[in-house]
*Asks:* 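Would you mind keeping the following structure in view while I ask a few things?
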Amino acid sequence: MKFFVDTADIDEIRDLAATGLLDGVTTNPSLVAKTGRDFFEVLNDICAVVDGPVSAEVAATDVDAMVTEGRKLAEIADNITVKVPLIWDGLKACRALTQAGVLVNVTLCFSPSQAVLAAKAGASFVSPFVGRLDDISHDGMELIEDIRTIYDNYPNFTTEILVASVRHPGHVVEAARLGADICTIPPDVLRLLAKHPLTDRGLETFLNDWQSTGQSILKT
Ligand code: E4P
């Protein structure tokens with residue numbers, strides 16, 4: 001399973017990229033707005049740090065403008081992935097950009113039927129938002145299960161399932177269990193994946209016991 005980080009904060013991205021665990025980045029207009037920085041500067045900084053796909057979202061909603069914006073974003077770096085919303089014009093833009101050799105992430109997917117359309121439009125990635133479905137008392141992970149089942153029925157669908165709107169480590173574990181290709185994870189949730197109270201308690205005990213031996217591994 002690949003891990004993308006869901007942020008436009010370059011400091012967080014640098015820190016997490018240094019672990020070698022990061023396969024890509026997703027941004028969206030809200031995440032960019034949160035930085036208070038220029039969109040193109042942010043994307044240039046991210047692409048200088050991360051080799052994998054970096055999602056940058058269009059702001060237009062009609063097909064021609066989306067394609068024009070998408071082409072401009074794609075000029076930033078080879079690993080830019082143009083994000084388009086899952087609306088009819090977004091699907092048409094996805095088809096046009098894909099045919100022009102641009103990676104496309106179809107975002108704001110909330111149903112299996114939408115995911116089928118994204119695959120048929122040739123998207124490189126489809127982003128189902130699990131957390132936002134959970135927020136309205138739907139089961140976000142059920143959508144992932146449905147999309148996985150459907151895509152596996154059709155080997156000519158090459159679209160990767162990019163689980164988005166991840167809110168806690170349980171979402172990541174469940175996505176992995178269901179065979180999702182990628183999770184895009186907020187930085188704090190990514191760090192939480194390594195946490196377990198028994199790990200902390202066990203380490204504390206080991207270190208105390210080691211100290212009581214008076215030995216040093218480097219001084220023998
Ligand atoms: C995905 O690409 C989106 O940026 C993101 O996962 C949305 O998550 P949210 O529902 O926490 O805003």
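Note that this is a predicted model, so its numbers are computed, not measured. Order of appearance sets the numbers: ligands from 1, and atoms from 1 within every ligand.
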*Asks:* Would you call the rings of His168 and His171 parallel, tilted or perpendicular, taking 30° and 60° as the class edges?
*Replies:*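 Rings of His168 and His171: parallel, as their planes differ by under 30°.
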*Asks:* Among side-chain atoms of Asn105 and Thr81, is any donor-acceptor pair under 3.5 angstrom?
*Replies:*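 Short answer, no.
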*Asks:* Would you please write out the protein residues whose heavy atoms approach any atom of ligand 1 to under 4.0 angstrom, listed by chain and number?
*Replies:*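 Those residues closer than 4.0 Å to ligand 1 by some heavy atom are Asp6, Thr26, Asn28, Lys83, Phe129, Arg132, Ala164, Ser165, Arg167.
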*Asks:* According to salt bridge (Lys or Arg N to Asp or Glu O under 4.0 Å), does anything in residues 164-174 pair up with another residue at least two apart or in another chain? List the pairs.
*Replies:*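 Checked against salt bridge (Lys or Arg N to Asp or Glu O under 4.0 Å) - neighbours excluded - the pairs reaching residues 164-174 are Asp135-Arg167, Glu174-Arg177.
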*Asks:* Do the side chains of Asp181 and Arg148 get close enough for a salt bridge, i.e. N-O under 4.0 angstrom?
*Replies:*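 Yes, charged N to carboxylate O under 4.0 Å.
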*Asks:* Table please: side-chain donor-acceptor pairs of residues 185-201 below 3.5 Å, with sequence neighbours left out.
*Replies:*
residue, atom, partner, partner atom, Å
Arg191, NH1, Glu12, OE1, 3.1
Arg191, NH2, Glu12, OE1, 2.7
Arg191, NH2, Asp15, OD2, 2.8
Lys195, NZ, Asp200, OD2, 3.0
His196, ND1, Leu198, N, 3.0

*Asks:* Can you pull the salt bridge (Lys or Arg N to Asp or Glu O under 4.0 Å) pairs that have at least one residue in residues 18-30, sequence neighbours excluded?
*Replies:*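 Those involving residues 18-30 do not exist here.
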